[in-house]
Amino acid sequence: DDGSFLSIFSEITDLKNKEAQYKQLADALNNLPMAMLFWDRNDKLITSNKQVRKEQSKWKIELIDGMSWKTLFNNQLKAGVYEIPKNKNIDEFVKERSEFRTKLTSEKDSKRETKLTDGKTYFSNEIRLEDGSMLSVFTDISEIKEREKSLKLLNDAIEIIPNNMMLWDKNNKLIMANAKARDDNASRGFDLKKGASRLEMVKNALKNGFMTAPKGISQKDFLEMRKKQFESLKNQEAYEVIMNNKFYLLSSSRLPDGSTLQFATDINDTKKQEEELLRFKDGIDILPNGLMFWDAEDNLIAHNASAASF
């Protein structure tokens, strides 16, 4: 009543700093390249970021703060957003998703893949916080899934090709081998499994008589030679070997990471044809008649011994 007044000043620097930090965090979440939704304990939408609003707008679905998850989910179903798994009907799908949200606790998070009818696949990571709210983050993994599909097709093709195919790491330990390579080695008593030694594979073939060292070279020296060849390979190499009385063409290519891709092709039939052609050539060469072979421009391609005396 005497006209005086009391002024009180409070230090709020920390509060303002935290406020600025919260704003920075909110801006960061809003601009995340992944879709994000944040729900309260009653499954009412607290906030959503730009990415999820953009993606939902393609289906003409509006995200409104305060809307219930059930409303959003029903709108998505009406718009045909989700690809319903073939082993479920729509009611089972709805029940599964509803029960999932009810059972999710703060002690565990949930990770799953969700397919949409536009061909996209999302990896969802959802976690219930201690206050009952829920954070949902969705990552578009469509390109990854397409690459997986392509790699599976490639792997399936490699598995059934009639050639032996083996991929060795930089230490010449097996990364993978196709069915033909595994089966052929199994018939020789060698388990061509992941981590198997390339040198041990050769040693097994020598020991069991499926492969022989070149004349004048001991098995020990041959193995040492092969070891050095494995380690010194720079680009590519190809050579013939006899394995179990069959001719094989082995070709190896050094990959940029130091691993080696190896193919073994059965050329036994080719070698037989080659031998028959050589015998045929020898037979022609000793004919008493002169024989000459000309191309379309009358240029000499070949002749036998008798023709040389003409």
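Taking hydrophobic clusters as Ile, Leu, Val, Met, Phe, Trp and Tyr residues chained together by side-chain heavy-atom distances below 4.5 Å, Phe210 shares a cluster with Val202. Cluster annotation: Ile160 is not connected to Leu261 through the hydrophobic network of ILVMFWY side chains, with a link wherever side-chain heavy atoms come within less than 4.5 Å. Cluster annotation: Leu192 and Leu167 are assigned to distinct hydrophobic clusters (Ile/Leu/Val/Met/Phe/Trp/Tyr, side-chain heavy-atom contacts under 4.5 Å, transitive).
In this structure, Leu63 and Val52 have side chains that are in contact, with non-hydrogen atoms separated by less than 4.5 Å. Side chains of Phe222 and Pro214 form a contact here, defined as non-hydrogen atoms less than 4.5 Å apart.
The number of heavy-atom neighbours closer than 6.0 Å to NZ of Lys220, taken from other residues, nucleotides and ligands shown, is 12 or below. By the neighbour-count criterion of 12 heavy atoms within 6.0 Å, atom CG of Asn235 is sparsely surrounded, having that number or fewer from other residues, nucleotides or ligands.
Of the charged side-chain nitrogens involved, none lies within less than 4.0 Å of a carboxylate oxygen, so that Arg254 and Glu237 do not count as a salt-bridged pair. Of the charged side-chain nitrogens involved, at least one lies within less than 4.0 Å of a carboxylate oxygen, so that Arg112 and Glu126 count as a salt-bridged pair.
For Lys203, the side-chain hydrogen bond (donor to acceptor under 3.5 Å, both in side chains) test picks out Glu200, with sequence neighbours left out.
Note that the CD atom of Glu55 and the CG atom of Asn49 stand 8.5 Å from one another [nearest 0.5 Å].
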Show the atom names and distances, to 0.1 Å, of all donor-acceptor pairs under 3.5 Å that link a side chain in residues 171-179 to residues at least two apart or in another chain.
unit_1: Asn172; atom_1: OD1; unit_2: Arg198; atom_2: NH1; d: 3.1
unit_1: Asn178; atom_1: OD1; unit_2: Met165; atom_2: N; d: 3.1
unit_1: Asn178; atom_1: OD1; unit_2: Ala181; atom_2: N; d: 3.1
unit_1: Asn178; atom_1: ND2; unit_2: Ile158; atom_2: O; d: 3.1
unit_1: Asn178; atom_1: ND2; unit_2: Asn163; atom_2: O; d: 2.8

Please set out all donor-acceptor pairs under 3.5 angstrom arising from side-chain atoms of residues 71-79, sequence neighbours excluded.
unit_1: Thr71; atom_1: OG1; unit_2: Ser68; atom_2: OG; d: 2.8
unit_1: Asn74; atom_1: ND2; unit_2: Lys70; atom_2: O; d: 3.2
unit_1: Asn75; atom_1: ND2; unit_2: Thr71; atom_2: O; d: 3.3
unit_1: Gln76; atom_1: OE1; unit_2: Tyr82; atom_2: OH; d: 2.7
unit_1: Gln76; atom_1: NE2; unit_2: Gln56; atom_2: OE1; d: 3.1

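Of the candidates Gln229, Glu224, Glu231, Glu231 is the only one forming a side chain to side chain donor-acceptor pair (under 3.5 Å) with Lys227.
Hydrophobic cluster of Ile141: the remaining members, joined at side-chain heavy-atom separations below 4.5 Å, are Phe123, Ile144, listed by chain and number.
Within the structure, side chain to side chain donor-acceptor pair (under 3.5 Å) contacts touching residues 32-41 (residues at least two apart or in different chains) do not occur. Listed by first and then second residue, the salt bridge (charged side-chain N to carboxylate O under 4.0 Å, His left out) pairs that reach into residues 156-165 are Lys152-Asp156, Glu159-Arg182, sequence neighbours excluded.
In summary, the side chains of Ser187 and Asp184 do not present any donor paired with an acceptor at a separation below 3.5 Å, with no hydrogens or angles considered.
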